[in-house]
Amino acid sequence: MSNTVKGFDRWDLDSHISKAISDRGWEEPTEIQIEAIPHARKGRDVVGQAKTGSGKTAAFGIPAIERCEVKGKIQAIILCPTRELAVQVSEELVILQGEKGLNIETVYGGTDIEKQAKRLDAGADMVVGTPGRVIDMAKRGHLKMEDIELFCLDEADRMLDMGFFPDVLWIFERTVNREQTLLFSATFPQEVLEAAEEFLNDPVHVMSEDLEVEVPEIEQFAIKVGRANKLWALGRIIGNSGDGSQILVFTNTKRMVELIVERLGKFRFRAVGLHGDMPQNKRERVLDSFRDGSESIVVATDVAARGLDVDGITHVVNYDLPDDTEVYVHRIGRTGRMGKKGEAWSFATGAEVTLVDKICSTWGLEIPFTEPPALPDNRERDFIPRRDDWDEVSDYFGMVRVNMKIGESETTKRALIDWIVKESRIPEIAIGEVTSGDNETIVEIHVEKVAYVIDVIKGRDFLGHSLEPAIVNS
Ligand code: ADP
Ligand code: MG
């Protein structure tokens with residue numbers, strides 16, 4: 001190997017691969033590729049660490065493809081934590097092998113098991129899969145492990161944590177003629193490295209020199225906003241994002257994914273959801289349409305979005321912050337890939353402000369608190385109206401004080417409570433203390449019911465008075 005040869009030519013790769021790479025327009029290998037590929041090509045075990053978006057797939061994919069021949073026997077297996085990742089890795093391998101002709105099969109749950117079995121029976125050279133389905137296929141006799149020479153874990157931190165470890169070990173132990181193990185991940189926490197020992201034989205560790213997360217291409221901001229106005233802030237971000245933007249919004253639960261999509265729709269922002277309970281084919285359709293730009297807003301949970309590679313994402317929004325600070329880094333890693341510019345916005349309710357501080361100190365990041373983007377010049381009305389922020393006006397017990405603007409002389413407290421309960425059909429326990437003076441009667445209503453109650457009783461006739469309930473800010 002000559003050091004004067006630049007680009008991928010330095011390696012004298014399998015000709016199919018070099019052609020595929022140049023057809024694809026890749027000029028230089030990425031840092032992790034430069035570090036890992038030579039060792040992996042020599043057959044060494046490799047533990048490779050590099051941040052999301054740095055080209056790890058090709059770092060293990062190129063040596064894996066070189067190692068396999070068209071034999072109809074599985075010579076390499078690559079395990080991934082989710083179906084989407086398996087599909088994505090497999091697609092990348094198919095491109096990288098060019099005209100080599102390997103049969104690369106993808107094996108994952110949630111789709112027709114018979115079809116996958118048939119394809120495996122026809123003879124695969126490489127398998128990319130999720131552990132559960134791989135085991136299933138092995139047990140049914142469709143996936144033979146005895147010819148496997150190369151065992152690889154993508155997103156190894158996930159694959160070796162408690163959830164997957166037993167399945168991964170089960171598969172590993174059955175690759176009895178294994179010659180090489182490759183583990184790649186964005187992070188290698190100590191306990192994962194310890195668990196990995198079991199899989200490795202005199203490995204080379206190639207970790208990025210600089211373990212600090214480097215994300216200079218991504219501008220990061222945090223907005224302090226109550227729960228009720230996160231949607232308003234999201235409206236500002238979307239409304240200011242400009243043509244051609246690709247926005248990925250993270251929330252923590254499937255239910256919130258659906259709610260946000262629905263609510264955005266009400267304000268004429270078309271968004272699609274992505275979460276683990278959606279059928280596989282639907283998830284793939286969502287991803288495809290996000291990739292090709294026909295959808296520009298995707299709302300997702302972490303599980304569904306982990307490791308996904310969609311080029312051109314311009315904005316990541318943390319509608320809710322993740323509890324685990326590392327998840328934040330994974331999320332924002334979706335933008336600014338391969339040197340592209342990106343923006344990451346995080347919403348923090350009062351209690352979550354310390355979480356932003358924790359993320360900053362753990363990862364050496366700077367995330368300034370700012371206001372949401374202003375309305376564009378030519379626009380007067382908000383994209384999504386700002387609401388009264390009940391959380392901010394509620395007290396320690398979750399009670400919000402509402403003035404009914406009706407004097408002491410005009411009614412009794414009891415009559416007013418009974419009327420509210422009857423009209424709005426809320427349990428009486430949602431009403432707290434009632435205090436009245438000359439021209440006002442203040443009723444405490446629980447924060448979860450208050451918006452609804454105000455809506456129902458506004459303008460309704462109470463003993464000849466039309467009520468005008470108003471929040472008391474104090
Ligand atoms: P990781 O697994 O480290 O998160 P990926 O393997 O998904 O990263 O690669 C991220 C993106 O970079 C993909 O779109 C991939 O095709 C592209 N890529 C990888 N290597 C190169 C390279 N040497 N030159 C240009 N683009 C590359
Ligand atoms: Mg990857």
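Worth saying up front: this structure is predicted, and the values here are computed from it rather than measured.
Between F172 and T181 the shortest side-chain heavy-atom distance falls below 4.5 Å. Taking the side chain as every heavy atom from C-beta outward, I384 and L234 never approach each other to under 4.5 Å. Within the 4.5 Å cutoff, side-chain heavy atoms of L183 are placed close to those of L200. Put simply, the side chain of D418 does not reach to within 4.5 Å of the side chain of K422, judged on heavy atoms. Counting heavy atoms from C-beta outward, V286 and M278 have side chains that approach closer than 4.5 Å. The shortest distance between side-chain heavy atoms of F250 and D302 falls below 4.5 Å.
For residues 276-297, the set of pairs meeting the ring-ring contact (aromatic ring centres under 6.0 Å, His included) definition, not counting sequence neighbours, is empty. Screening residues 431-464 for ring-ring contact (aromatic ring centres under 6.0 Å, His included) gives W419-F462 as the qualifying pairs, with residues at least two apart or on separate chains. Note on residues 243-260: pairs passing salt bridge (Lys or Arg N to Asp or Glu O under 4.0 Å), not counting sequence neighbours, are K254-D277.
Residues Q49 and T187 have side chains that never bring a donor and an acceptor to within less than 3.5 angstrom of each other. Between the side chains of E343 and T314, no donor N or O sits under 3.5 Å from an acceptor N or O. Counted by atom type alone, T106 and S90 present one or more donor-acceptor pairs between their side chains at under 3.5 Å.
For N240 (side chain) and R236 (main-chain N/O), a donor-acceptor pair under 3.5 Å exists by modelled atom type. Judged by distance alone, with hydrogens and angles left aside, the side-chain atoms of K449 form no donor-acceptor pair with the main-chain N or O of A430 at under 3.5 Å. For E440 (side chain) and G437 (main-chain N/O), no donor-acceptor pair under 3.5 Å exists by modelled atom type. In terms of modelled atom types and a separation under 3.5 Å, the side chain of R460 and the main chain of V456 share a donor-acceptor contact. Here the side chain of E352 pairs a donor or acceptor atom with the backbone of T349 at under 3.5 angstrom. No side-chain donor-acceptor contact under 3.5 Å links E444 to the backbone of V400. When atom types are taken as modelled, the side chain of N439 and the backbone of I406 share no donor-acceptor pair closer than 3.5 angstrom. Side-chain atoms of Q33 come within 3.5 Å of backbone N or O of G55 as a donor-acceptor pair. The closest donor-acceptor contact from the side chain of S185 to the backbone of F188 lies at 3.5 Å or more, if one exists at all. Judged by distance alone, with hydrogens and angles left aside, the side-chain atoms of R331 form no donor-acceptor pair with the main-chain N or O of E326 at under 3.5 Å.
Ring orientation note: the planes of F383 and F269 are tilted relative to one another, at an angle of 30° to 60°.
With sequence neighbours excluded, the residues forming a side-chain hydrogen bond (donor to acceptor under 3.5 Å, both in side chains) with S346 are N318, listed by chain and number. Residues satisfying the ring pair (Phe, Tyr, Trp, His ring centres under 6.0 Å) test with F165, not counting sequence neighbours, are F199.
Using a 4.0 Å cut-off between charged side-chain N and carboxylate O, R119 and E114 make no salt bridge.
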Please list, one pair per line, the donor and acceptor atoms closer than 3.5 Å that link side chains of residues 364-378 to other protein atoms, with sequence neighbours excluded.
none

* Stepwise salt bridge (Lys or Arg N to Asp or Glu O under 4.0 Å) test for D154 and K56 -> CA-CA 8 Å; D154 190 13; K56 293 189 288 297; over 6 Å; no
* Verdict with reasoning, E468 to K458, per salt bridge (Lys or Arg N to Asp or Glu O under 4.0 Å) -> CA-CA 6 Å; E468 292 166 51; K458 198 185 287 174; over 6 Å; no
* Derivation and outcome, salt bridge (Lys or Arg N to Asp or Glu O under 4.0 Å), residues D288 and R291 -> CA-CA 5 Å; D288 285 343; R291 281 199 191 97; 3.4 Å; yes
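Heavy atoms from other residues, nucleotides or ligands lying under 6.0 Å from CG of D323 number 12 at most.
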